[in-house]
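In what follows, a structure is listed as structure tokens, so that the remarks can point back to it.
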Amino acid sequence: MIFSILSPTPSLVARVSHPLLKEKQVSMDVLRLDLIHPLVSGNKWFKLHGYAEKAIPHKSSKLITFGGAWSNHIHATAAYCQQAGLKAIGLIRGEKPARLSDTLQDAIEMGMELHFLSREDYRAKNIPVELRALLESGEAVLVPEGGYGPTGKEGAAGIPGLIPEDPYDEIYCAAGTGTTMAGIIQAAGRYSRITGISVLKGHTGLENDILNLLPGMETLHPHLVSQDDHLGGYAKWDQGLIDFMNAWYEETSIPTDIVYTGKLFKAVMRRVAENHFDPGRKILVVHSGGLQGNRSLKKGTLIF
Ligand SMILES: *Cc1c(COP(=O)(O)O)cnc(C)c1O
């Protein structure tokens, strides 16, 4: 039901042409999850689908979740629920500001009900009493922060279904909670090595968080998590990243976002430049969307 509203794109996999890829004889395809829907950010669609599938048969009509002012997850949850006929409730980090971010304004326009939590309450995930009652009666389903959990992973395991049979030597994705990477490993890990580029600084628990979603797997090997490409930490950026994102767009027409996919493509192209891939290797990069968050930047910073 939900997937019928995806845009009718014949294939979301696009071959990238770039002088450095040509020189190093590396072939790169991109899975353009940023194109599946104008509002629902790529990978979030899949994770939320897992939770909605859990809610609907039990007649739960509401999804409750957490996020910050520029959160792709909040934005995507609002859009998903609007389309699926569910009520979205967002618990937002921090006191209500005088001026809402574009993300939160969109969320309200799409029908999401917002509750602002103090930073302490947010950290402790203290759910307001009236909402706790909805969860206890089964009227609402709680979606953990970032969609992390087995249910989100089952949804994300649908992502490799969009890749043509053709196997890839390596698949790269951005990792926040690692739920998306876990889903991709579950569905495609036998065919390819999956590498997740962590966008958080010192997120040493990430490997374990991923393994916890993959019962039966004792180590991530041959899959990898990179802790070296976060560029300072979550949502941190520098001029080097902006320059890369602008140049990447000029050369490939692929827009990226400041928090996840800009860092992802920069990390992959650094590996290409450093001869990390043998000539003839076929790699796939999962573009997980998130472009709406670029609105937190000053106008004109990005050329797209
Ligand atoms: C949320 C998000 C991610 C991270 O997904 P996880 O499943 O939490 O690892 C990656 N890319 C984009 C664009 C996102 O919005």
Side-chain angles (χ1 to χ4, degrees), residues 12 30-51 65-80 90 103 106-107 143-160 171-188 194-201 203 205-214 220 223-227 229-231 233-235 237 241 245 254-268 285-296:
L12 291 168
V30 176
L31 178 60
R32 296 286 306 268
L33 297 184
D34 57 316
L35 298 177
I36 59 174
H37 190 275
L39 288 176
V40 187
S41 171
N43 65 331
K44 299 298 188 288
W45 185 270
F46 289 87
K47 290 195 278 188
L48 287 166
H49 191 61
Y51 290 96
T65 198
F66 303 90
W70 295 99
S71 163
N72 293 330
H73 175 66
I74 285 291
H75 199 265
T77 303
Y80 188 102
T103 305
D106 284 357
V143 181
E145 192 173 25
Y148 178 80
T151 308
K153 177 213 58 182
E154 289 303 330
I159 292 173
I171 298 178
Y172 279 76
C173 65
T177 65
T179 313
T180 301
M181 180 172 177
I184 296 174
I185 291 176
Q186 176 172 304
I194 325 290
T195 300
I197 303 298
S198 176
V199 302
L200 282 85
K201 184 173 171 178
H203 190 187
L206 178 57
E207 283 204 21
N208 261 329
D209 290 351
I210 294 169
L211 278 173
N212 283 339
L213 298 178
L214 296 166
L220 268 193
H223 311 299
L224 293 168
V225 162
S226 164
Q227 299 283 2
D229 296 290
H230 54 72
L231 303 178
Y234 185 74
W237 53 271
L241 178 63
M245 290 166 66
I254 298 173
T256 50
D257 83 289
I258 198 83
V259 181
Y260 295 98
T261 55
K263 294 179 183 181
L264 167 66
F265 281 98
K266 191 165 191 278
V268 175
V285 183
V286 177
H287 190 319
S288 37
L291 300 173
Q292 69 86 25
N294 285 346
R295 294 178 297 175
S296 69

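Atoms within each ligand, like the ligands themselves, are counted from 1 in listed order.
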How does [X] reach ligand 1, if at all, at less than 4.0 Å between non-hydrogen atoms: by side chain, backbone, both, or neither?
X	result
Thr179	both
Lys47	side chain
Met181	neither

Original post:
Gly178 to ligand 1: N or O pair under 3.5 Å?
Top reply: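 The answer is yes, given that Gly178 and ligand 1 share an N or O pair closer than 3.5 Å.
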Original post:
Is any N or O atom of Tyr260, backbone or side chain, closer than 3.5 Å to an N or O atom of ligand 1?
Top reply: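 Between Tyr260 and ligand 1, no N or O pair is found under 3.5 Å apart.
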Please list the nearest protein heavy atom to [atom] with its residue and the distance rounded to 0.1 Å.
atom	value
atom 7 (O) of ligand 1	Thr180 OG1, 2.6 Å
atom 14 (C) of ligand 1	Lys44 NZ, 2.8 Å
atom 11 (N) of ligand 1	Ser288 OG, 2.7 Å
atom 13 (C) of ligand 1	Gly289 O, 3.2 Å

Original post:
Does Asp106 have any salt bridge (Lys or Arg N to Asp or Glu O under 4.0 Å) partners at least two apart in sequence or in another chain, and if so, which?
Top reply: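 Result, salt bridge (Lys or Arg N to Asp or Glu O under 4.0 Å) vs Asp106: Arg295.
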Do [X] and [Y] come close enough that some side-chain heavy atom pair is under 4.5 Å?
X	Y	value
Thr180	Phe46	no
Thr177	Glu145	no
Val225	Leu220	yes

Original post:
Considering all heavy atoms of both residues, which atom of Ile258 and which atom of Lys263 are nearest to each other, and what is their separation?
Top reply: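 Between these two residues, the closest heavy atoms are O-CE, 3.8 Å.
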Subject >> Shortest non-hydrogen separation from Leu12 to Ile36 and the atoms involved >> reply: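 Answer, listing the atom of Leu12 first, then Ile36: CD1-CG2, 3.3 Å.
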Original post:
Would you say the side-chain atoms of His230 pair up with the backbone N or O of Ser198, donor to acceptor, closer than 3.5 Å?
Top reply: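 Checking the backbone N and O of Ser198 against the side chain of His230, no donor-acceptor pair under 3.5 Å is found.
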Original post:
Can you list the atoms of ligand 1 that are under 4.0 Å from a heavy atom of Gly290?
Top reply: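 Here the atoms of ligand 1 in question are 13 (C).
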Subject >> ligand 1 atoms in contact with Ala175 (distance to a heavy atom under 4.0 Å) >> reply: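 Counting from 1, the qualifying ligand atoms are 9 (O).
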**OP:** Could you tell me the separation between the NZ atom of Lys266 and the OG1 atom of Thr256, rounded to the nearest 0.5 Å?
**Re:**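 Taking NZ in Lys266 and OG1 in Thr256, the distance rounds to 11.5 Å.
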Subject >> Option set Asn43, Thr261, Thr177, criterion heavy-atom distance to atom 5 (O) of ligand 1, minimum >> reply: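 Checking each option, the heavy atom nearest atom 5 (O) of ligand 1 is found in Asn43.
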